[in-house]
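Predicted model only: the values in this text are computed from it and were never measured. The first residue in the sequence is number 1, and the count goes up from there.
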Amino acid sequence: MRFDTRLVHTGGGPDPQTGAVNPPLYLSSTFEQTAPNRNKGYVYSRTSNPTRTALERALAEIETGQRGLAFSSGLGALATLLEDVPSGQRIVAGDDLYGGTWRLFEHHRRQFGLSVSYVDPTSVEAFGAALDSGPAALVYLETPTNPLMKLTDLVAVSALAHRHGARVVVDNTFASPLFQRPLELGADLVLHSTTKYLGGHSDLIGGALVATDPAWGERLAWLQNAVGAVPGPVDCFLVLRGIRTLGVRMRAHDLNGHAVARLLEGSPRVSAVHYPGLASHPQADLARRQMSGFGGMVSFELKGGERAARRFLRALKIFTLAESLGGVESLAEHPASMTHASVPAPERAARGIGDGLVRLSCGIEDHRDLVADVTRGLRAV
Ligand SMILES: *Cc1c(COP(=O)(O)O)cnc(C)c1O
């Protein structure tokens, strides 16, 4: 089956008992046992639930892994993974990370002895130097990064990490498995905030891990039950429903992302556009090598700084001013005062997150309406 067909049929097929084409919602915390410690495969819904099983099978299949696990949020998935990184061990990570990931590493786990070395995600040599400097349990990557859309060469960094005995984890939230499949490029584990493109409708919070190694998958499943950050059956159902339409949605996001990025690139009020689908992206060759599309995330720097960004955002009529991304509706935000406000100003400046930076999540509306809306915003600057 080709990928789009798989998206529609993944997760286990019709219910064998009733023929229902969608998995039933098993709103049950516990399951009857036929005798003490004898059961029909389900005992208690923190450990497993049939609606969640359908989603977890689908997650494994679409990320081409051996074991899929669903969580109550993307950060719930990450926190559970970090339970497998004992105190005293080290993570090597790209230095442009989702703010909540940074918070969990630096403001929480650091006090319990986790150390994280941050490197330029675009530089394979920087990963090499960090790995040469001492042992590391994990290499943790986002590609494309948030909000500057930088890429990491997954084939090269995975090979390097494996030579140093480190496992590679990729947060694939921005690209989605439609456009990038890290496990096929050498990574060991994929993480998702299913809140974003997989759910796709801004109506739930969820997360996922997908492992290639069944033994590590089993260990993470043990931790999933031991820690307990699991999603309820309704949210599992909604993520699975989102996955059915991932193909058509991502192509619409991609079309709109391209249209908006090209418009921004031609504007004299814009000093930089960050979108890996543009020929002007500094890693355009790598983008085409490891991604088959680029989606709806576009960020750009306005020449007039924060004042210009505020004027731009105020003039928009279709893009909603809101955090988050990956839903059918277009969203716009100002990283310096919203999603990345927790990063200290000098650090933001050093990383290239200027006060005039605006991040757009282009939805699936008609691209002409989005182009008109962004044009309206630029005229107001
Ligand atoms: C949103 C997000 C997360 C965190 O996921 P939640 O579902 O909000 O907990 C992690 N990584 C990336 C890239 C995100 O965009």
Side-chain angles (χ1 to χ4, degrees), residues 96 98 121-122 142-151 172-176 178-180 196-197 200 202 249-284 286-288 291-304 308-309 311-313 315-336 338-340 351-381:
D96 193 24
Y98 175 70
T122 67
E142 274 177 34
T143 177
T145 64
N146 173 17
L148 294 173
M149 308 301 287
K150 296 176 186 171
L151 307 184
N172 202 31
T173 299
F174 268 36
S176 94
L178 191 80
F179 289 148
Q180 173 175 274
K196 317 293 168 53
Y197 283 114
S202 306
R249 283 188 293 109
M250 286 311 288
R251 277 186 279 274
H253 288 298
D254 186 70
L255 180 90
N256 291 349
H258 275 91
V260 166
R262 274 196 297 266
L263 169 75
L264 291 165
E265 201 175 30
S267 169
R269 294 180 173 88
V270 171
S271 58
V273 183
H274 309 290
Y275 186 69
L278 289 177
S280 61
H281 189 282
Q283 297 170 290
L286 174 62
R288 276 191 292 271
M291 303 177 78
S292 59
F294 310 101
M297 297 306 296
V298 181
S299 65
F300 64 100
E301 186 76 31
L302 281 162
K303 282 179 185 163
R311 289 203 169 161
F312 175 87
L313 291 166
L316 298 175
K317 295 208 164 111
I318 294 175
F319 284 83
T320 300
L321 179 65
E323 298 192 3
S324 199
L325 61 110
V328 291
E329 67 290 298
S330 291
L331 304 178
E333 67 111 3
H334 180 237
M338 293 170 67
T339 49
H340 293 68
R351 289 210 236 149
I353 304 173
D355 290 339
L357 189 75
V358 171
R359 191 188 78 181
L360 301 176
S361 170
C362 299
I364 65 165
E365 301 93 335
D366 190 305
H367 68 275
R368 291 164 296 191
D369 290 327
L370 298 189
V371 164
D373 206 32
V374 172
T375 304
R376 185 161 35 235
L378 290 171
R379 284 213 187 101
V381 169

Shortest non-hydrogen separation from [X] to [Y] and the atoms involved:
| X | Y | answer |
| --- | --- | --- |
| Gly257 | Val298 | O-CG2, 3.7 Å |
| Ala287 | Pro276 | CB-O, 3.6 Å |
| Lys317 | Asp373 | N-OD1, 2.7 Å |
| Glu365 | Val328 | OE1-O, 3.7 Å |
| Gly295 | Met250 | CA-CE, 4.3 Å |
| Glu142 | Asp96 | OE1-O, 3.9 Å |

Would you mind reporting whether [Y] and [X] have side-chain heavy atoms less than 4.5 Å apart?
| X | Y | answer |
| --- | --- | --- |
| Arg311 | Leu302 | no |
| Val371 | Arg262 | no |
| Val374 | Phe319 | yes |
| Pro144 | Met297 | no |
| Asn146 | Arg359 | yes |
| Phe300 | Leu360 | yes |
| Leu370 | Ser330 | yes |
| Leu148 | Leu357 | yes |

Ignoring hydrogens and angles, tell me if any N or O in the side chain of [X] forms a donor-acceptor pair with the backbone of [Y] under 3.5 Å.
| X | Y | value |
| --- | --- | --- |
| His334 | Asp355 | yes |
| Ser361 | Gly296 | no |
| Ser271 | Lys303 | no |
| Thr145 | Lys150 | yes |

Rounded to the nearest 0.5 Å, how far does [atom2] of [Y] lie from [atom1] of [X]?
| X | Y | atom1 | atom2 | result |
| --- | --- | --- | --- | --- |
| Leu316 | Leu321 | CG | CG | 8.5 Å |
| Phe312 | Arg379 | CZ | CZ | 12.5 Å |
| Ser324 | Glu333 | OG | CD | 10.0 Å |
| Ile318 | Cys362 | CD1 | SG | 11.0 Å |

Quick one: do the [X] and [Y] side chains pair a donor with an acceptor below 3.5 Å?
| X | Y | value |
| --- | --- | --- |
| Gln180 | Asn172 | yes |
| Ser280 | Glu265 | yes |
| Glu329 | Thr320 | no |

Hey, is Arg251 close enough to Asp254 for a salt bridge, meaning N to O under 4.0 Å?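 Between Asp254 and Arg251 there is no salt bridge, as every charged N stays at least 4.0 Å from the carboxylate O atoms.
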*asked:* Taking ring-ring contact (aromatic ring centres under 6.0 Å, His included) as the criterion, tell me which of Phe174, Phe179, Tyr197 meets it with His253.
replied: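 Single ring-ring contact (aromatic ring centres under 6.0 Å, His included) partner of His253 among Phe174, Phe179, Tyr197: Tyr197.
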Step-by-step side chain to side chain donor-acceptor pair (under 3.5 Å) determination, Thr122 to Gln283: CA-CA 8 Å; Thr122 67; Gln283 297 170 290; 4.8 Å; no
